[in-house]
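The structure appears right after this line, and notes come after that.
Just so we're clear, the structure is a prediction, and the values are computed from it rather than from any experiment.
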Amino acid sequence: MWVMMETIPPLKDSRLLIKDLRFERVKVRIYQLKTSNKNLRRGILYFHGGVGAYERKCRYFCRKTNSVVVSVGYRLAPEHPYPAQFEDCLTATIHFLRTAQDHGVDPSRIVICGDSSGGTLTAAVAQALVNRRDLPKLRAQILIYPFLQCVDLNLPSYQQNKGVPILLKERTLVLGLKYINMDLGITEEIFKGCHVSEDRRLKYQKWVSPDYIPHEFKTRGYKPSPTCLPSKEFCEMAEYLFDPVFAPLLAEDSVIAQLPETFILTCEFDVLRDDGLLYKKRLEDHGIKVTWCHLQEGFHGTVFVALFGRVLGFRSGAKGNQYKIKWHYKNVKLFSQK
């Protein structure tokens, strides 16, 4: 379905100037309004959710926020193994921070943004830049229903929404394992938690636990899962699952404490909902300002599908556009603060 939607030709827009460039080795597409602007604009680096450039979304961001939008055409797995995707996004971000004024952008007002796996990349890039003193600081990060951890796949949202399209519980793990080129034969052991050693369980329980999910998100049929004894074999096989580049929720406190202001969007009917809630808590615990938008009737892909509602005839299209407006209102509010 994602590929089908991505192949729909973009609408023509005479208001925008669009050009394809390379930031070093990385392909990018830059969108900016044709209207003259004496002042430097805001900048948005957009990391898509893994299926190619989101043309409509980037055009929308550009028009509605009067920003220069850079869509990063990072290399895709499995043709390009992990962590090539992260490396491309980091390279493009560093290049844009260094050359922002060449594109009419204020380097102190650059935001990175991504949805789904693009949200994972956004969080990982923001973390990678916290100790860089040779670059301007990111203004903010925007995480739209991001995947952030693989420690516990029995959190309330995974139980409640395991069969909710378009991102099923099993598909989430399969995509993650394919991304890091891991054996799909260990999915059941990961669902049970057999891949988490006792040492790691003790370390991560302060960050990844249903205890930190607010009660109102547990009322829809959640049941605590029994703890599975770890298997040394599976723990060794699953080493990559604990890399903060793959699972940004597992970054050390010293990194989390330096992150920029953050906007997080979660959806009620999304297996990844609780990843966002847990990351929100970690950020707030370290004094990071967080703007949180929760779509009570939303599902994974809501913001994307909103741009295709009329074309594809989804009944949720009209509601998706309303969610998008609500989300965009908070988004613009965030951008307007320098």
Side-chain angles (χ1 to χ4, degrees), residues 1-8 10 26-29 31 44-61 69-80 82-90 92-93 111-126 141-150 157 161 164-169 171-180 245-249 263-267 269-273 275-276 279 293 295 298-309 312 314 316 320 323-324 327-328 331:
M1 180 168 64
W2 291 114
V3 174
M4 178 185 70
M5 289 192 290
E6 194 58 24
T7 58
I8 297 174
V26 183
K27 294 180 180 180
V28 300
R29 177 167 289 179
Y31 306 77
I44 304 174
L45 278 147
Y46 183 71
F47 308 141
H48 62 77
V51 292
Y54 283 15
E55 185 80 14
R56 285 170 169 79
K57 188 177 290 186
C58 291
R59 290 169 181 251
Y60 177 81
F61 283 168
V69 177
V70 178
S71 177
V72 180
Y74 60 84
R75 292 169 291 171
L76 300 176
E79 292 80 9
H80 302 280
Y82 166 89
Q85 300 71 30
F86 163 74
E87 292 169 350
D88 286 356
C89 291
L90 181 60
T93 302
V111 172
I112 57 175
C113 171
D115 65 293
S116 195
S117 60
T120 313
L121 292 166
T122 299
V125 168
Q141 61 174 338
I142 298 173
L143 311 178
I144 304 173
Y145 30 75
F147 169 88
L148 298 172
Q149 62 85 32
C150 207
S157 62
N161 303 311
V164 176
I166 57 172
L167 190 63
L168 310 183
K169 175 179 176 177
R171 179 170 174 76
T172 302
L173 180 56
V174 168
L175 290 173
L177 294 180
K178 285 184 176 179
Y179 175 46
I180 55 178
V245 170
F246 175 77
L249 184 57
F263 177 94
I264 297 177
L265 183 141
T266 57
C267 293
F269 299 100
D270 180 9
V271 291
L272 300 182
R273 181 197 69 200
D275 283 22
Y279 205 51
C293 177
L295 305 183
F299 55 91
H300 193 86
T302 289
V303 174
F304 183 88
V305 171
L307 299 174
F308 291 87
L312 297 177
F314 285 116
S316 61
Y323 302 149
K324 178 180 63 177
W327 168 79
H328 178 66
N331 213 359

Restricting to non-hydrogen atoms, name the atom on [X] and the atom on [Y] that form the minimum distance, rounded to 0.1 Å.
{"X": "F269", "Y": "V164", "answer": "O-CG1, 3.6 Å"}
{"X": "P248", "Y": "A123", "answer": "CB-CB, 3.7 Å"}
{"X": "H48", "Y": "V72", "answer": "CD2-O, 3.6 Å"}
{"X": "L265", "Y": "P146", "answer": "O-CD, 4.2 Å"}
{"X": "V245", "Y": "T120", "answer": "O-CG2, 4.1 Å"}
{"X": "I44", "Y": "C113", "answer": "CG2-CB, 4.2 Å"}

### Query
Would you call E79 and R75 a salt bridge, taking side-chain N to carboxylate O under 4.0 Å as the test?
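The answer is no: the pair does not qualify as a salt bridge.
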Heavy-atom side-chain proximity of [X] to [Y] below 4.5 angstrom:
{"X": "T93", "Y": "F47", "value": "yes"}
{"X": "L249", "Y": "D275", "value": "no"}
{"X": "L175", "Y": "F147", "value": "no"}

Nearest 0.5 Å, please: how far is [atom2] in [Y] from [atom1] in [X]?
{"X": "L76", "Y": "S117", "atom1": "CG", "atom2": "OG", "result": "9.0 Å"}
{"X": "L121", "Y": "F246", "atom1": "CG", "atom2": "CZ", "result": "11.0 Å"}
{"X": "L272", "Y": "T266", "atom1": "CG", "atom2": "OG1", "result": "10.5 Å"}
{"X": "Y279", "Y": "I264", "atom1": "OH", "atom2": "CD1", "result": "7.5 Å"}

Quick check against the 3.5 Å criterion: does [X] have a side-chain atom that pairs as donor or acceptor with the backbone of [Y]?
{"X": "T122", "Y": "L143", "value": "no"}
{"X": "Y145", "Y": "F299", "value": "no"}
{"X": "Q85", "Y": "H80", "value": "yes"}

### Task
Apply the test side chain to side chain contact (heavy atoms under 4.5 Å, CB included) to residues E55 and Y31: give CA-CA distance (whole Å), side-chain angles for both, the deciding distance (0.1 Å), then the verdict.
CA-CA 10 Å; E55 185 80 14; Y31 306 77; 2.9 Å; yes
### Query
Any side-chain donor-acceptor pair under 3.5 Å between H300 and S116?
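S116 and H300 do have a side-chain donor-acceptor pair below 3.5 Å.
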